[in-house]
Number of protein chains: 2
Amino acid sequence: MNRSKDVLSQSILFSGLPEQDIAALTAIAVEKPVAPGELIFSEGDPGDGFYVTLEGMIKVYKLSTEGKEQILHMFGPGEPFGEVPVFSGKAFPASAEGVKKSRVLFFPRKAFRDLITTNPSVAMNMLAVLSRRLRNFTIQVENLSLKEVPARLAGYFLLQAEEQKNPDTITLNISKGQLASFLGTIPETLSRMLRKMSEQGLVEVQGRIIRLLDRPGLEDLAEFGKMED
Amino acid sequence: MNRSKDVLSQSILFSGLPEQDIAALTAIAVEKPVAPGELIFSEGDPGDGFYVTLEGMIKVYKLSTEGKEQILHMFGPGEPFGEVPVFSGKAFPASAEGVKKSRVLFFPRKAFRDLITTNPSVAMNMLAVLSRRLRNFTIQVENLSLKEVPARLAGYFLLQAEEQKNPDTITLNISKGQLASFLGTIPETLSRMLRKMSEQGLVEVQGRIIRLLDRPGLEDLAEFGKMED
DNA sequence: AACAGTTTTTGACATAAATCAAGGAAACAG
DNA sequence: CTGTTTCCTTGATTTATGTCAAAAACTGTT
């Protein structure tokens, strides 16, 4: 039942690699189960390797001194995380833990760096992964600094609708509390905004199922962020 | 007077490259003067290459629909920028313009990708550059989401003191308005915070010269972000 | 079905920072 | 220098969102 090879050969990082290279990779990698809420690494840890999510979902986050959490990324199957220390030479800039029951694959730093120097296509894939992540960060900074919570929320819904390829209904794959943390706010505020959006007929909320009733309205909200009360 | 080679051979990206490779690089690159306020590229532009700052200072930023600006990075001599589209295949996620009279070097996408596939050490350097940038972004997100303006400002001062290797006096190399935009706030707020910090004896402000009078106090402020009025 | 635990919602209130408006200082060009 | 433009500061006010406290709605478990 070793599906790690399948996940890897499908992943952004290793797609296009010949069968035998994948085999060599799985040989140097260590698989690890992760329980919900279990810490994988902490901000400040040295970081002598990186991970690929095989199954489940991993969050990467920061905590304020008062305990507020900001989620930086959520990673599903096939997605690598924790690569920054491998190339920057510095410690993990954030912490990672499982959001649900998960499995991850750990790749030791040296073995992976060796692979990259001999295999330009892996290097190119890694560059693409990091570039895409930088892109996402620019959007996250833009959201936090230039947009208000309703606009971020509307943007999130529209993005999810695309990813879930369903233009008018999405299902949250994380709790509302986690969503609040991802959007840079707190559960109370998120709850209030959801109610407001419902009252205005933009969405209909049933637990984790969100029906998008007014896409033009949501698109407008995501861009201009104004909501008349 | 072609110092581009010198700047390149000193740069993070090309350090360690043999003389002849640097020469080959400058052969494919195009030098371009940039006036203060001159646009280099805009968010959404295709991006068929990236840049290295030779001289001066370049800012990369986002604008809100209402015109507020958030600066994402400031790049000085030797620093590359605009690489994301080269590897992600997508458009520029932000815009770039000169802050002062500058010179930049443009590298066409294809030539650079070719260089990387044949030259693992350049690939590794680029990975290091992108990783470091990701690191900075996590800090920026943390600042925007988990810290208040006084804490960000104190953190900025301490960072500058380090970079300028002078523990008790720093000189701003950008205007206060630009600093506000970098910290994710507006000039009015920045001005008020500076006054407050002066009143509390944390710093002394004389134009662009900031004297750090109370490092422990500033460090505390940067971490906990509380300032009694 | 009932319990303990968590997650979500709601209300009243506090506050950091944005906005609006205007005056002052500094930098720059002629 | 001297006028003009840009940058910076200050005050009064508004607003979005965080805080605190408590109730309500789920979740899964014996």
Side-chain angles (χ1 to χ4, degrees), chain A residues 35-37 63-71 99-101 143-154 171-199 203-210 221 224-229, chain B residues 35-37 64-70 99-101 143-154 171-199 203-210 221 224-229:
Chain A
L63 291 179
S64 75
T65 33
E66 299 91 35
K68 190 188 165 191
E69 173 190 271
Q70 169 69 51
I71 295 179
V99 213
K100 39 181 96 165
K101 195 163 172 293
N143 283 339
L144 289 171
S145 163
L146 303 175
K147 295 187 176 175
E148 298 174 350
V149 176
R152 293 178 221 162
L153 185 53
T171 305
L172 300 180
N173 48 7
I174 49 176
S175 76
K176 286 177 185 164
Q178 296 286 286
L179 176 56
S181 168
F182 183 68
L183 296 176
T185 185
I186 56 175
E188 292 96 316
T189 300
L190 178 63
S191 181
R192 287 184 238 274
M193 297 309 169
L194 279 174
R195 180 158 54 117
K196 238 186 184 173
M197 286 170 74
S198 299
E199 283 167 5
V203 297
E204 188 185 71
V205 183
Q206 268 154 29
R208 287 195 174 187
I209 296 167
I210 317 280
L221 182 58
F224 299 102
K226 282 293 158 223
M227 244 166 98
E228 56 288 352
D229 325 61
Chain B
S64 75
T65 33
E66 298 90 38
K68 190 187 166 192
E69 173 189 271
Q70 169 68 51
V99 216
K100 39 182 98 165
K101 195 165 171 294
N143 283 340
L144 289 171
S145 163
L146 303 175
K147 295 188 175 173
E148 297 173 351
V149 175
R152 293 177 220 163
L153 185 53
T171 305
L172 300 181
N173 48 7
I174 50 176
S175 75
K176 286 178 186 164
Q178 297 285 287
L179 176 56
S181 168
F182 183 68
L183 296 177
T185 185
I186 57 176
E188 291 96 317
T189 300
L190 178 64
S191 183
R192 286 183 240 274
M193 298 308 169
L194 279 175
R195 180 159 54 117
K196 238 185 184 173
M197 286 171 73
S198 298
E199 283 167 3
V203 297
E204 189 184 72
V205 183
Q206 267 154 29
R208 287 194 175 188
I209 296 166
I210 318 281
L221 182 58
F224 299 101
K226 283 292 157 221
M227 242 168 99
E228 57 287 352
D229 324 61

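Since the structure is predicted, the reported quantities are computational estimates derived from the model, not experimental observations. All chains are named by letter (A, B, ...) in the order of the sequence lines, taking the proteins before the strands, and each is independently numbered beginning at 1.
Taking a 4.0 Å limit (strictly below) on heavy-atom distances, residues 173-183 of chain A does not reach DNA chain D anywhere.
Between A:L190 and A:I186 there is no side-chain heavy-atom pair separated by less than 4.5 Å. Counting heavy atoms from C-beta on, the side chains of A:P36 and A:V99 never come closer than 4.5 Å. The shortest side-chain heavy-atom distance between B:L221 and B:M197 falls under the 4.5 Å cut-off. A heavy-atom distance below 4.5 Å is found between the side chains of B:L153 and B:L194.
Here the shortest heavy-atom pairing between A:G184 and B:S145 reads CA-OG, 4.2 Å. Closest approach of B:G177 and B:P187 over heavy atoms only: CA-CG, 4.2 Å.
Legend: salt bridge (Lys or Arg N to Asp or Glu O under 4.0 Å) pairs involving residues 186-196 of chain A, not counting sequence neighbours, sorted by first then second residue: A:R195-A:E199, A:K196-A:D229. Listed by first then second residue, pairs satisfying side chain to side chain donor-acceptor pair (under 3.5 Å) with a partner in residues 171-186 of chain A read A:K59-A:Q178, A:E69-A:S181, not counting sequence neighbours.
Around NZ of A:K101, the count of heavy atoms belonging to other residues, nucleotides or ligands within 6.0 Å does not exceed 12.
Results of the side chain to side chain contact (heavy atoms under 4.5 Å, CB included) test with B:K147 over B:V149, B:L144, B:N143 single out B:N143 as the only residue that passes.
Interface limits on DNA chain C: the 5'-most and 3'-most nucleotides within less than 4.0 Å of chain A heavy atoms are C:dT8 to C:dA12.
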Inset, instruction - Toss me the dot-bracket line for DNA chain C: Watson-Crick and G-U wobble, both under 3.5 Å, 5' to 3', using | for pairs to another strand and [ ] for crossers. - result: ||||||||||||||||||||||..||||||
Legend entry - Letter per nucleotide, 5' to 3', of nucleotides 16-30 of chain D [B base touched, S only sugar-phosphate touched, - untouched; heavy atoms, 4.0 Å]: SSBBB----------
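B:Q70 places a side-chain N or O within donor-acceptor distance of the main-chain N or O of B:F182, the cut-off being under 3.5 Å.
One finds the OG atom of B:S198 at 12.5 Å from the CE atom of B:M193 (value rounded to the nearest 0.5 Å).
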